[in-house]
Every structure is written in C-alpha cells, then in structure tokens.
There are 2 protein chains.
Amino acid sequence: MTHDSPLAALHGQGERPTLRTLAHVTGFSVATVSRALADDPRIAVKTRATVAAAAERLGYIPDRAARRLRTGRTQVISLLLNTEHEFLGFTHEFLTGITETLVGTGYSVTVVPDQPGDDRLAPVRTILRNNLADGLLFTRTEAFDPRVRLLMEADFPFVSHGRTEFSAPHPWVDFDNEAFARAAVAHLAAKGRRRICMVLPGDQFTFTQHLRYGFVSAARAAGIYHEIVPGVTLDSPTAAIAAALTAARHGPNPPDGYVCVGEVTALVALAALADTGAVHGIDADIVAKRASPIFDNIRPRIDTVFEDLRATGRAMAEMLLGRMAGAPPETLNRLFQPDPVA
Amino acid sequence: MTHDSPLAALHGQGERPTLRTLAHVTGFSVATVSRALADDPRIAVKTRATVAAAAERLGYIPDRAARRLRTGRTQVISLLLNTEHEFLGFTHEFLTGITETLVGTGYSVTVVPDQPGDDRLAPVRTILRNNLADGLLFTRTEAFDPRVRLLMEADFPFVSHGRTEFSAPHPWVDFDNEAFARAAVAHLAAKGRRRICMVLPGDQFTFTQHLRYGFVSAARAAGIYHEIVPGVTLDSPTAAIAAALTAARHGPNPPDGYVCVGEVTALVALAALADTGAVHGIDADIVAKRASPIFDNIRPRIDTVFEDLRATGRAMAEMLLGRMAGAPPETLNRLFQPDPVA
DNA sequence: CTGCAGAATTAAAACGTTATAAATCCTTCA
DNA sequence: TGAAGGATTTATAACGTTTTAATTCTGCAG
C-alpha cells in the first residue's frame, strides 16, 4: 500500500522535499522550519540546528517558483547580449566570468538578445515591466545611455560595462581606455613612428571619447601627426575598414603607426599592410588591445595590451550582488588599468 | 482617497494586471478568464474575445512564477557553457542563434557554467533535481556521453550538439565533420600535397571519430601519406600544439598539408610555417574549418570551410521546442553539410 | 409546464513559500 | 501561588496561476 506525498517523503522516496516534508520530519511547523532555515534569531538555536540537519540530510532545496511568487524576487540576473558585433571571444570570456561568479549564490543568469535594429530599450522595459530579473548587466554603454536613465528612474539594480556622463552615480566597471590609448601612442612614438592613425568605435559610446582624448593628447604631447580614420567605425563591416586602411596606404603619406582597439581591426590593419607590400616592423607598427590569446599565434607578432574580460565579468557580477544587497551606488565602480604594452 | 489593489488596477494605475484584474474588468470569474486566455473550447467564443481584448488593453502578461509553481513547468531552457575551451566566437554565435530563436516563445535562456575540472554531470543533476529548466542544450558531445544517458533515463528534453553512439535515438544537431575532413584532404591532394597532417580533438568526442575516419579514408583513397599529430589535441594549450607543429617542421619530412578543425589550430599552423621559414602556398597548404569571418583578414589567405554556428544554435533551439512539444526524438536530428572548400 | 441534456461558468483547492498576528510555553518575581 | 513577560512556536493568509468538481444557465423534447 502506498501513501500520499507527506508520508512518501517521510519514507525518503523520490519526491522532492519541501518545507512540509521537513516539518513532518522534525516535528516543527512549516513556519518554524522556514524561519529556522532563514536563521531567524527568534527561533531557538537548537531548533535551527535540528532543522538545518534535516534539510541537509534530505537534500532540501527551496523551490524557486514558490519563493519568487511569494517574495517577488526572481533570483535571476539578466545579461543583454549584443547580437551583432563581437570582439573575438568577448562574449565567451565575459559570460564565463559572470556565470562562474554567480554559481552557488542562488542567482541564475539569463541572456536576452539585444538586436541592434530594434528599440534598444525594449528588452529593458520588458524586464522591468514583467519582473523578469532582479538585476541587469550590459555592455556598450553610451554617454547618455537611455538604458541607464530608465533603470535609474526605476531604481532597478544594474551594472554597466562602461561609464556614462550622467551626474547621478551608478555602478559601473570599465577599462581605462584613455590610458590604453596614451600608452599605445607613447609606444609608437618611442619606436620613432611619426604618422599614426586609429579607428574609433561609434561616437555614441563613452569609451570612444576616452580613446579619442588619450590618442589625441598623447600624440600632441609627442608632437606627431595623428588621425582618426574617417568614414568608418569599429562597427563598420570589416570590408569597409579594410578598404579605408588600404586606401590610406596608397595615399601620399601612409601611416606608420596604428592604434587598434580590437583584434579584428588589428588583423585588418595587418592585412592592409601585407596587401600593399608594406612590412610590419619596418614600414609601420601596430599596437592593439586584445581580449584573447589569439595574437600569440599571429605572424608577424604585434604589440598588445590585454583587457581581461573574464575579470570584468566577475567584477560586474560581484558589484551587482553588492548593489542588490543595498550597497550605495557611488561606492560601486571599478576602473581596470592596462598593463604595459608588450 | 486611494483604494486597494483590485480597484487601483481597475483604474489602470501602476499595478501589474493579474487574472483577478481581468476578472474584475470583464465581470467573469478568474477561472473563466484563465480558460479563455488558454483558448479553452469550453468557454464561449464571445467570452474568449472579450477577455482577449481586455488582456490586450491592459497589457496583461501571465506571472511566470505563479504559472511555474502551479504547473511545474519553468519556461526556462538551459545551456551548458564550457568555460575553458573556445573556438573563436563560438559561444557568441551559438548563443545568439539560440536566444534569437527563443525570443517571443515565452522561454528564457539561462547559462550554466560547466567547469572542466568538475564533475561533468553535476550541473545536469542540479537542473534535473531542482527542476530548474524544461529543456537542456549542450555541446562537445561524447560517444557515450554520460549526460545523454542521464537525460534519456530521466526522459528530460534536450538537444546535443553532436551525435552519440547510443542505440536509443535522441535529438541532435551536428556538422558533417567526416565530409569536411574528406573535402579538406581531397582539396590538399588536388593541390599536389603528399604528406598531410591533422590535430584532432580529444578521443572521447564523437566528432573526433568522424574527423579521423574522413581524414584517414580520404588520404588512403588519394594514396598520400597522412598522420594524426601525436601527443596533442585541440584542447591542448596552444603553446603545446605550436611546439608539436614546429617540431614536425624540423623533422626529415615536414608535412606539406594541414587539415585544421578550428581557427586557432590554423593560426598555430600558420605561425609554425612562418617561424620555420616555410611559405604557405609553396611549402605547404592549410585547409581549416572556420566559424567566424576572421580569416578574411588573415594573411596569407588560407582555404576554409564555414560552419554556421548561429544556424546551429537556431536549429538546436527549434528542435528543443519540438521535443518539448512532444515530437518523437527519432525525427529530430539535423546534419549540416559543409560548403565546398574555398 | 416539467425535466433534462448540454453549454457555459464558477467556487475552491492546490502548488511551496514567507510574513503577520496570535498562541503557547517557560522563567521569574511579587 | 499567580501573573507578568519574554522566548518560542504556530495557524493562517497571501502571492497568481491552473484544474477538478460542482453549479448555473439555456433551450428543447415530452
């Protein structure tokens, strides 16, 4: 003869244990068990121990749906995934950093596609309105990013990859792109390069301004000719960037130094050199920011600065946990400094 | 004077509408509203229309937590993310394909890290035991993959990227790696190459056997010398692969053809050529499988076969939806064919 | 009219949790 | 001995949904 779930559970059979199971097993009420597991000081220490032991023994794990329904907290963190553009390996490293930090915290990570054609705010609105997450992470932050504005209005926890120019503080993690650009320019200047150029990301991104400022001011300080490659951005089709860089090499005064913000651009620049018969290290040098070990296996070797996106993901996830736990936003930011060019 | 939530909702204020709100608004009961939204034929057609209109007007969206608690279905699909190894851009493309297919289906995608050091089954067990998802996607499938075995035993919906050698059918999506290897070998042979080599993935993966078989049998058919590079796999540190390939070039009879399964290996092979003074196209040729447009900007240009991982992600997500909707597993598989080498 | 089948709707319970308010138990002190 | 009062514990409601088992309504045959 078989019994209903309470007894079946008592007998340790397949049924997933619930608070009710623990209550049966320990002889306490469901309410006490719930409080005991939450380490509520109103529950006797001995009771807490008993309950904890039973929970451990039966492998009790709270039901996410029930908890979420009751508390309104989702235990979910969402990541906006830009579907179009991609540094090589960016997503993988970044996501790995995030998920590995969140493992064991009870939070799960959901990925929401962020299609460039669509309204950039739509996924954020959906998350807010339908209460789909407790916190949000995203990249490609703009100087006056509408997502940041909306999230701050709603007082919804988030961490942006990249800073904004809003006056109110909010949590962010960023890489010191100005310092990178300065170091790259200084490195090229030290090699005797006198005509350097750079392809920038779109003007809307905050880090574009940082890059530009670092590039321009370091080049001025070094007294060398410098140019932002016109007509293309990092997000242009690589064929367009390739065309622009190749055209420049056919001009009267081709550049002898390239600052590349991403790996793809660096490869394009290398290809432009090769395709026009120029030799890297002789006719020109390239300094690139890299997020993967790919350049270890690219010939000729170029000098690079590593941006650790796994660490970035980890920092963002940790910061979001802090924010959700109530840490004040002005204390939550972190600027990663570049290593020396190598 | 303010009212409680029902009336507030009636007045269209901020509160998120629930079934109760719709019931108030339409004058029907909660039960009827629920059924009407589910298009239950027992509800009068006119009623269904009324309710649908009200839901539309108020922007009603069912609460995931409540539905999940009641039905036991999570509306979540999980992806096991391998944290260590990465084809360039693999994760990004794959994940984009998955999330973009699932948008609008009501399913959300959670990413679960799959640390190579840990028990490979642990994340799967957690998902099963805690009912964290309705379906599962994963890659790097092994011939007798324990995850597949466990999931089949539990009758839990999943789609593997790659086949297994279990007799019972299960849903999978794969790329015809045997055909790729054959085509690559034929391509090299047609170029007059007589000593070809290949770095394989680990022996445990099913696709390794496909690659080996295609490689070996095509080379035999062409009557050329062929070798699996010993001592390293695709998952070895790139420095180790580089060392092996470089060493081979210093041997008495260096290879004149390389079949590369991933982009990184192809770059390593190119670097090994460059580092030993060999010239691609003269001393040796490389054929590689690629998953990104990176080789458009690598010089020298090598011949490649494109594996569309975004399409793979889409196919897997669609197939999982089918499986969860009850389609029989034996109908759910798809083998992507390689384009000609180019 | 009455009765009854079928159509349409609904009350109520349940999923597993947390939180409010109330109840019980103990200890201590007059 | 009897309250007072703190320490513990508990009954119960609620979160929003689906579903079982009624209930009400409608039209039609007898």
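Letters A, B, ... mirror the listed sequences (proteins, then strands); counts begin at 1.
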[N] phosphate, OP1 or OP2: any side-chain N/O from [X] under 4.0 angstrom?
X	N	result
A/S29	D/dT9	no
A/R35	C/dA19	no
B/R67	D/dT18	yes

Quick check for you: among [options], whose closest atom lies nearest to any side-chain atom of [X]?
X	options	value
B/D63	C/dA8, C/dA11, D/dG16	D/dG16
B/A66	D/dG16, C/dG16, D/dT9	D/dG16
B/A31	D/dT18, C/dT10, D/dC15	C/dT10
A/Y60	C/dT17, D/dT18, D/dT9	C/dT17
A/T47	C/dT10, D/dT9, C/dG16	D/dT9
A/S34	D/dT8, D/dT17, C/dT18	C/dT18

(message) To the closest 0.5 Å, what do you measure between CZ (B/R149) and OG1 (B/T164)?
(response)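 The OG1 atom of B/T164 is 10.0 Å from CZ of B/R149, to the nearest 0.5 Å.
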
Check the distance between [N]'s [atom2] and [X]'s [atom1] and give it to me in whole angstrom.
X	N	atom1	atom2	result
A/D40	C/dA21	CG	P	16 Å
B/L132	C/dG16	CG	P	15 Å
B/L37	D/dG16	CG	C1'	13 Å
B/K46	C/dA7	NZ	C1'	15 Å
B/R16	D/dG16	CZ	C1'	9 Å
A/L19	C/dT18	CG	C1'	9 Å
A/N130	D/dT17	CG	P	11 Å
A/R64	C/dG16	CZ	P	16 Å

(message) Quick check against the 3.5 Å criterion: does B/T74 have a side-chain atom that pairs as donor or acceptor with the backbone of B/D134?
(response)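 A pair under 3.5 Å: yes.
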
(request) Look only at the side chain of A/R129 and the backbone of B/G59, and say whether a donor-acceptor pair between them is shorter than 3.5 Å. (result)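 Flag set: sc A/R129 to bb B/G59 pair under 3.5 Å.
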
(message) Both conditions, 6.0 Å and 45 degrees, for the charged tip of B/R334 above the ring of B/F336: are they met here?
(response)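 Satisfied, under 6.0 Å and within 45°.
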
(request) Determine the contact category for A/R42: base if any of its heavy atoms lies under 4.0 Å from a base atom, sugar-phosphate if only primed atoms, P, OP1 or OP2 are that close, otherwise nothing. (result)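 Base contact.
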
(request) Select base, sugar-phosphate, or nothing to describe what A/T32 touches, counting heavy atoms under 4.0 Å on all strands. (result)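 Base: the residue A/T32, judged by heavy atoms under 4.0 Å, touches a nucleobase.
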
(request) Give the angle between the helix axes at the two ends of the helix from C/dC1-D/dG30 to C/dA30-D/dT1, taking five base pairs at each end and rounding to 10°. (result)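 Here the local axes at opposite ends form an angle of 80°.
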
(request) Give a yes or no on whether a salt bridge exists between B/R120 and B/D145, defined as a side-chain N under 4.0 angstrom from a carboxylate O. (result)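 The answer is no: the pair does not qualify as a salt bridge.
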
(request) Inspect the contact between A/D119 and A/R147 and indicate whether a charged nitrogen and a carboxylate oxygen are less than 4.0 angstrom apart. (result)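 Looking at A/R147 and A/D119, the cut-off is not met.
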
(message) Taking the side chain as everything from C-beta on, heavy atoms only, tell me whether A/L132 gets closer than 4.5 Å to A/V76.
(response)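 A side-chain contact under 4.5 Å is absent here.
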
(request) Using heavy atoms to find the nearest nucleotide of DNA chain C for A/R73 and B/V45 separately, return the residue whose nucleotide is more 5′. (result)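 Per heavy-atom nearest nucleotide, the more 5' residue is B/V45.
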
(request) Verify whether the ring centers belonging to A/F158 and A/H170 lie closer than 6.0 Å. (result)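 Yes; A/H170 has its ring centre under 6.0 Å from that of A/F158.
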
